[in-house]
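Everything on this sheet refers to the single structure shown next.
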Amino acid sequence: MRKTIIAGNWKMNKTHKEAANTLKNLAELVIDKENLGGVEVIIGAPFTALESAVRATENTPIAIAAENMNANESGAFTGEISATMLKELGVEYVILGHSERRAMYGETDAIVNAKVLAALKAGLKPILCIGEQLEDRESGKTNEVNGTQLKGGLVGVTAEDMANVIVAYEPVWAIGTGVTATPEMAEETHAFVRSVLVELYGNDVAEDVTVQYGGSMKPGNAKELLAQKNIDGGLVGGAALDAEVFYGIIAAGK
């Protein structure tokens with residue numbers, strides 16, 4: 001049975017002190033796993049806040065994710081961070097292939113795939129992001145774009161590896177815009193994503209993979225989105241910056 005996982009992506013927000021304070025507040029809300037109703041919680045923090053984030057969430061149900069990483073183990077890659085470095089800090093997850101990384105920094109499916117493989121090798125759990133631009137949806141290429149990104153990101157990833165992979169579907173036109181795909185639109189694409197996973201790994205594996213929705217999810221729409229058959233959680237941006245608002249989304253997943 002697949003897990004409901006609510007993850008926050010803070011992006012380039014919060015100093016290490018701000019991160020610790022926010023996570024202290026969030027931990028007070030979710031400190032008892034019994035109160036989460038089986039929902040798992042992840043926070044993706046900037047590199048500079050990761051150590052503080054890990055410390056602030058010790059002995060709590062909150063796991064910490066990095067927002068990116070380099071595919072190489074070490075070397076002359078000024079300004080980059082490796083999976084090994086993240087693992088040693090106590091980070092459990094890493095967000096890879098986010099639309100902002102693809103659009104602003106030119107990350108291709110091949111680059112994302114190399115990172116996914118490196119993360120798995122180091123014992124990190126990748127959150128693989130996919131999603132179409134507005135022009136893709138308007139031209140009827142939603143499934144083509146998402147299928148290509150998903151298959152490209154999972155090259156060389158085994159069925160056994162998939163137990164440690166989360167897929168996050170983020171319609172790019174709904175990220176940070178306040179515009180949300182209707183639950184029916186989101187479910188349609190999630191069902192397609194699941195069908196690609198069935199094609200790649202078979203039904204048993206595909207049914208166990210958590211596929212998150214990541215387009216302007218907030219407390220007011222989370223319950224309806226999470227009620228859809230193939231939507232197993234959320235990758236939340238702006239609404240994750242405030243502990244009480246974010247907890248409202250977590251509570252919707254119970």
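Computation of the quantities below employed the complete heavy-atom set of this structure, encompassing side-chain atoms and omitting hydrogens, waters and symmetry-equivalent molecules.
Judged by distance alone, the side chain of Arg194 and the main-chain N or O of Val209 form a donor-acceptor pair under 3.5 Å. Using a distance-only test at 3.5 Å, with no hydrogens or angles considered, no donor-acceptor pair links the side chain of Lys3 to the main chain of Glu40. Of the possible polar contacts, one joining the Arg2 side chain to the Glu207 backbone as a donor-acceptor pair under 3.5 Å is found. The closest donor-acceptor contact from the side chain of Glu67 to the backbone of Lys11 lies under 3.5 Å.
Two residues are said to be in side-chain contact when any heavy atoms from C-beta on lie closer than 4.5 Å; Asn203 and Leu197 fail this criterion.
By the neighbour-count criterion of 12 heavy atoms within 6.0 Å, atom CD of Glu184 is densely surrounded, having more than that number from other residues, nucleotides or ligands. Shown here is Lys254, whose NZ atom has more than 12 heavy atoms of other residues, nucleotides or ligands within 6.0 Å. Other residues, nucleotides and ligands place no more than 12 heavy atoms under 6.0 Å from the CD atom of Glu73.
By the 30° and 60° cut-offs, the orientation of the rings of His190 relative to Tyr213 is tilted.
Rounded to the nearest 0.5 angstrom, Ile42 CD1 and Gln212 CD are separated by 6.5 Å.
Using modelled atom types, one finds a donor on one side chain and an acceptor on the other under 3.5 Å when comparing Lys115 with Asn68.
We find that Lys151 and Asp109 are not joined by a salt bridge, their nearest charged nitrogen and carboxylate oxygen being 4.0 Å or further apart.
Of all non-hydrogen atoms in Ala27 and Thr60, the two that sit nearest each other are CB-CG2, 3.9 Å.
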